[in-house]
Amino acid sequence: MISNLDASSFYRRLNRVLFPSCPIKSEEMLFGRGKDMANIEAALYAPGRHVFIYGDRGVGKTSLAHTMAYKLQEATDPIVVGCEPDSTMASIIQDVITRGSQPATHHTESQLKVKLGIAGTGAEYQKSHKPAPAATPVTNVSSAVNALFALEQHHSPHPFVVIDEFDQITSVEERQKFGVLIKSMGDQGCKTKFIFTGIGDSLMSLIGGHKSSERQIHQTKLDNLCWDGREDIIKRAFGEFEIDIDKETRLKIAGLSDGYPHYVHLMCEKILQCAYAKQENVESVDRKLFLEGLSEAVNSVSETLKRDYVMATEGREDMYHHLLWAMADSADLQRHKSAIMASLHAICKHLDVAQLEKAQFDRRFNNLKKESFGEIVVPALGNRPMWYRFKENMLRGYVRMFAESNGVELDFYRHYTAMEPSVRTPTGKQRHYQPLTEVERLASQNRK
Ligand SMILES: Nc1ncnc2c1ncn2[C@@H]1O[C@H](COP(=O)(O)OP(=O)(O)OP(=O)(O)O)[C@@H](O)[C@H]1O
Ligand SMILES: [Mg+2]
């Protein structure tokens with residue numbers, strides 16, 4: 001129980017602060033992205049410039065794009081469209097035009113009442129609703145530019161358009177057409193602004209479409225959420241219910257999440273739900289409550305996210321779990337095989353299970369690279385021998401949560417290698433480079 005809240009008040013408050021499954025669109029809820037927002041805003045004020053936000057799956061690309069678009073769009077809502085494998089430049093712009101012609105409030109009223117985004121003033125002004133002109137179909141770059149000019153007449157003078165998951169478009173040729181479109185829009189003074197999201201490769205094919213479009217696209221690489229940002233989500237969530245959560249537990253959640261905000265939201269949500277389900281009133285998070293919530297969070301991670309882990313471990317000996325936990329140990333995303341073995345050694349010792357001989361370790365480790373094991377581990381550092389990483393970075397957060405919920409506390413701070421990004425080190429914690437300790441070095445040498 002939490003402060004005698006009834007179910008509807010509890011869930012209303014919970015949904016106000018935690019969004020494990022949907023992108024954020026308000027600045028107050030988007031933590032740790034202040035610098036990116038300022039840079040994007042500056043870029044979008046420049047005539048003819050657009051933005052491409054790229055980064056790993058789940059780092060928060062769509063949330064940043066939505067928040068920027070909602071922040072900057074005046075008078076109405078921004079336009080948000082997604083991409084699909086068979087999308088074309090023409091189909092996407094057509095989609096933009098269709099959506100831009102039917103904002104929710106436009107349907108029936110001839111006058112559109114718009115709330116200005118000035119917090120607390122409640123100021124309103126009336127904007128004449130200009131009905132969208134009969135649509136001319138978009139078929140090529142030139143008709144796309146014309147359609148966007150028309151959009152500026154009836155949607156807003158400066159429409160902000162989010163084109164989400166650009167990498168989904170399979171055709172490189174269609175991606176490249178956006179480079180040409182952007183160049184044309186700039187030349188003709190079109191004021192519509194695009195905010196793209198996607199992975200880095202798709203950005204390259206967009207720019208490849210027209211060399212000079214590189215100058216017209218501000219590129220924002222989004223890293224995993226910084227430690228302060230992770231902690232801010234936690235503080236905001238527990239603060240909403242006036243529940244105390246100590247620094248150590250906050251850092252634990254932040255470290256387990258590996259900088260993927262989805263995991264932070266999920267763990268906080270489950271801990272709060274477990275607290276709410278208790279008979280007694282909960283005022284602070286203790287270790288037992290944390291572990292209960294963590295275990296619920298691990299269970300509710302989506303099937304697609306945990307598929308590879310399940311493939312690598314289900315119906316197999318426990319050692320495969322231990323091997324994967326060893327992979328997720330330390331702050332390094334790319335790990336040398338000897339360091340993985342050192343981590344495994346520590347885990348086996350902690351669990352009091354027998355160590356693997358070098359040959360046994362090699363055989364099992366090689367299995368993790370096989371298709372039947374989800375190819376969960378792949379070579380790293382341009383295939384340099386002995387260096388490995390998880391197939392997908394987001395997996396590491398899941399593996400960390402899984403290990404912790406099974407009583408294995410991994411180290412999130414230690415660097416075995418010297419070149420990992422410092423975003424992973426929380427404020428107040430010194431980033432430290434530690435090669436293998438003597439004991440670990442001996443342990444790994446003995447197994448060679
Ligand atoms: N800066 C942030 N502060 C708080 N929560 C965030 C932040 N960024 C993202 N989130 C949350 O994290 C989750 C994932 O965010 P989002 O969907 O924006 O990521 P994405 O990079 O677009 O993911 P995908 O690659 O799967 O499309 C969402 O639940 C969102 O609410
Ligand atoms: Mg997204």
Side-chain angles (χ1 to χ4, degrees), residues 14-41 51-71 78 80-85 87 92 161-169 194-203 219-240 250 253-254 256-270 272 297 300-308 390-398 401 423 426:
L14 194 72
N15 296 334
R16 202 188 289 163
V17 288
L18 290 172
F19 323 86
S21 315
C22 64
I24 285 167
K25 46 189 184 188
S26 86
E27 218 178 327
E28 304 81 64
M29 287 298 152
L30 191 84
F31 297 105
R33 298 294 189 203
K35 199 158 164 260
D36 299 297
M37 287 186 72
N39 290 340
I40 291 176
E41 184 164 359
V51 168
F52 198 114
I53 301 169
Y54 67 102
D56 252 11
R57 172 147 87 118
V59 283
K61 302 177 293 297
T62 306
S63 295
L64 179 59
H66 281 197
T67 305
M68 285 314 302
Y70 274 89
K71 178 174 179 203
V80 177
V81 295
C83 301
E84 284 162 26
S87 298
I92 291 168
V161 177
V162 175
I163 301 183
D164 203 16
E165 303 201 348
F166 187 72
D167 51 284
Q168 288 286 313
I169 308 173
F194 290 139
I195 306 176
F196 297 91
T197 76
I199 55 166
D201 289 358
S202 57
L203 167 66
Q219 306 167 21
T220 295
K221 160 119 176 37
L222 218 54
D223 280 319
N224 296 25
L225 200 60
C226 59
W227 285 81
D228 286 347
R230 306 174 202 179
E231 262 204 277
D232 286 343
I233 302 175
I234 304 166
K235 285 186 199 157
R236 179 70 186 84
F238 287 87
E240 178 74 18
R250 292 202 303 268
I253 296 174
L256 288 172
S257 78
D258 206 8
Y260 289 93
H262 166 71
Y263 293 138
V264 183
H265 283 266
L266 195 63
M267 283 183 268
C268 292
E269 182 189 60
K270 295 300 171 192
L272 282 164
S300 65
V301 165
S302 72
E303 290 306 321
T304 40
L305 261 174
K306 57 185 176 197
R307 189 187 50 216
D308 297 324
F390 280 113
K391 174 166 83 180
E392 192 165 4
N393 291 339
M394 201 173 179
L395 263 167
R396 188 167 80 162
Y398 173 71
M401 293 197 292
V423 67

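Each ligand, and each atom within it, is numbered from 1 in the order the structure gives.
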Numbering as shown, the atoms of ligand 1 that approach [X] to under 4.0 Å (heavy-atom distance):
| X | answer |
| --- | --- |
| Ile24 | 4 (C), 5 (N), 6 (C), 10 (N), 31 (O) |
| Pro261 | 5 (N), 6 (C), 7 (C), 8 (N), 9 (C), 10 (N), 11 (C), 12 (O) |
| Met29 | 3 (N), 4 (C) |
| Pro20 | 29 (O) |
| Ile233 | 3 (N), 4 (C), 5 (N) |
| Arg33 | 1 (N) |

Closest non-hydrogen atom pair, Met267 against Ser257
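Taking Met267 first and Ser257 second, the nearest heavy atoms are CE-N, 3.8 Å.
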Backbone or side chain, does any N or O of [X] fall under 3.5 Å from an N or O of ligand 1?
| X | value |
| --- | --- |
| Val59 | yes |
| Ser63 | yes |
| Gly60 | yes |
| Lys61 | yes |

If you have a sec, work out which protein heavy atom is nearest [atom] and how many Å separate them, to one decimal?
| atom | answer |
| --- | --- |
| atom 29 (O) of ligand 1 | Phe19 O, 2.4 Å |
| atom 5 (N) of ligand 1 | His265 NE2, 2.8 Å |
| atom 14 (C) of ligand 1 | Gly58 O, 4.1 Å |
| atom 31 (O) of ligand 1 | Cys22 O, 2.8 Å |
| atom 27 (O) of ligand 1 | Glu165 OE2, 3.4 Å |
| atom 22 (O) of ligand 1 | Thr62 OG1, 2.7 Å |
| atom 1 (N) of ligand 1 | Phe31 O, 2.8 Å |

Are Arg236 and Glu240 ion-paired here, with the side-chain N under 4.0 Å from a carboxylate O?
yes
Point-to-point distance, once rounded to the nearest 0.5 Å, from [atom1] of [X] to [atom2] of [Y]:
| X | Y | atom1 | atom2 | answer |
| --- | --- | --- | --- | --- |
| Ile163 | Gln168 | CD1 | CD | 14.0 Å |
| Lys61 | Arg57 | NZ | CZ | 9.0 Å |
| Arg396 | Asp258 | CZ | CG | 4.0 Å |
| Glu231 | Leu225 | CD | CG | 11.0 Å |

Verify the distance criterion only: is there a donor paired with an acceptor across the side chains of Asp164 and Thr62 at less than 3.5 Å?
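Indeed, the side chains of Asp164 and Thr62 share at least one donor-acceptor pair under 3.5 Å.
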Using only heavy-atom distances, determine whether the side chains of Tyr260 and Asp56 contain a donor-acceptor pair under 3.5 Å.
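The criterion, which ignores hydrogens and geometry beyond distance, is satisfied for Asp56 and Tyr260.
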Yes or no: does His66 have any heavy atom under 4.0 Å from an atom of ligand 1?
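His66 does not count as a contact of ligand 1 under the 4.0 Å cut-off.
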Please answer whether the main-chain N or O of Leu18 pairs with a side-chain N or O of His265 as donor and acceptor at a distance below 3.5 Å.
no
N/O donor-acceptor pair under 3.5 Å between Tyr398 side chain and Tyr263 backbone:
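Pair absent, no side-chain N/O of Tyr398 close to backbone of Tyr263.
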Parallel under 30°, tilted from 30 to 60°, perpendicular over 60°: which one fits the rings of Phe52 and Phe196?
parallel
Check the pair Asn224, Asn393 against side-chain contact (heavy atoms from CB on, under 4.5 Å), reporting the backbone distance first and the verdict last.
CA-CA 10 Å; Asn224 296 25; Asn393 291 339; 5.8 Å; no
N/O/S from Thr62 sitting under 2.8 Å away from the Mg ion (ligand 2):
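Under 2.8 Å: Thr62 contacts the Mg ion (ligand 2) through an N, O or S atom.
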